[in-house]
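I have placed the structure first, in the form of structure tokens, so that the comments after it can refer back to it.
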Amino acid sequence: MKHNLKLKIDYDLNFLLIGIRSEIEDYQFAYFLNKSSFFKFHRMITDISYIINNQKIFFSAFKDVNTDEKRTSFLIKNKSVYQEPISNYKTLFSESVGKTAFLIPELKEFDYLIKMVGIWKKKELIKLKEFLHQMKNVEPQTNIKLKKIKSINNLVF
């Protein structure tokens with residue numbers, strides 16, 4: 001008697017996600033965001049890591065826990081540059097080749113993602129967007145529809 005069992009995992013997608021384009025270094029971006037009243041980001045002890053192309057790739061992450069407002073926010077770098085061994089490429093001048101990996105490949109156009117979990121009032125979100133628009137070296141951000149992202153499980157941690 002054969003039984004085919006399928007495991008289906010439903011992730012809790014009860015969070016907001018904002019995509020941001022910026023060439024600012026991650027620690028500088030966290031510093032500028034901390035100048036607002038919305039966040040007090042601290043570097044997470046361990047970066048987010050995933051196996052991509054048979055290599056462990058790390059994505060820097062910052063976390064803000066606001067117990068008074070009952071919310072947690074994450075600033076996550078969506079892009080990581082890693083070195084791939086030269087054995088895969090035939091060149092004369094380099095020993096390794098720089099490659100780029102994305103935490104959420106469907107969102108390649110964004111350098112950073114802000115994941116916001118918890119209670120956010122509409123007025124706060126409007127003020128946050130205004131603050132982000134006023135930041136130098138930051139291009140306009142977008143609220144992202146979570147249902148359309150195939151690799152959303154990369155943001156569940």
Can you name the closest pair of heavy atoms from Phe32 and Ile24 and give their distance? CD1-CD1, 4.4 Å
CD1/Ile51: more than 12 non-hydrogen atoms of other groups inside 6.0 Å: yes
Any donor-acceptor pair under 3.5 Å from Lys77 side chain to Asp26 backbone: no
On a heavy-atom basis, which atom in Arg71 and which in Glu124 lie closest, and how many Å separate them? NH1-OE1, 2.9 Å
How far apart are the closest heavy atoms of Ser22 and Asp111, and which atoms are they? N-OD2, 2.8 Å
Look up atom CG in Asn78 and atom CG in Leu75, then write down how far apart they are to the nearest 0.5 Å. 11.0 Å
Is Phe74 linked to Val65 within one hydrophobic cluster, defined over Ile, Leu, Val, Met, Phe, Trp and Tyr using a side-chain heavy-atom separation of less than 4.5 Å? no
Evaluate the criterion side-chain contact (heavy atoms from CB on, under 4.5 Å) for residue pair Leu33 and Phe131; output intermediate values, then yes/no. CA-CA 9 Å; Leu33 288 174; Phe131 176 79; 4.2 Å; yes
More than 12 non-hydrogen atoms from neighbouring residues, nucleotides or ligands closer than 6.0 Å to NZ on Lys40, yes or no? yes
Relative to the ring of Phe41, is the ring of Phe62 parallel (under 30°), tilted (30 to 60°) or perpendicular (over 60°)? perpendicular
I'd like to know whether Ile119 forms a side-chain contact (heavy atoms from CB on, under 4.5 Å) with Glu69, so could you lay out the CA-CA distance, the side-chain angles of the two residues, the decisive distance to 0.1 Å, and finally the verdict. CA-CA 7 Å; Ile119 303 167; Glu69 300 289 333; over 6 Å; no
As a quick check of understanding, evaluate side-chain contact (heavy atoms from CB on, under 4.5 Å) for Leu16 and Leu125, giving each step before the final call. CA-CA 10 Å; Leu16 299 172; Leu125 293 173; 3.8 Å; yes
What do the steps show when you test Leu146 against Phe15 for side-chain contact (heavy atoms from CB on, under 4.5 Å), and what is the final call? CA-CA 9 Å; Leu146 302 177; Phe15 60 87; 3.8 Å; yes
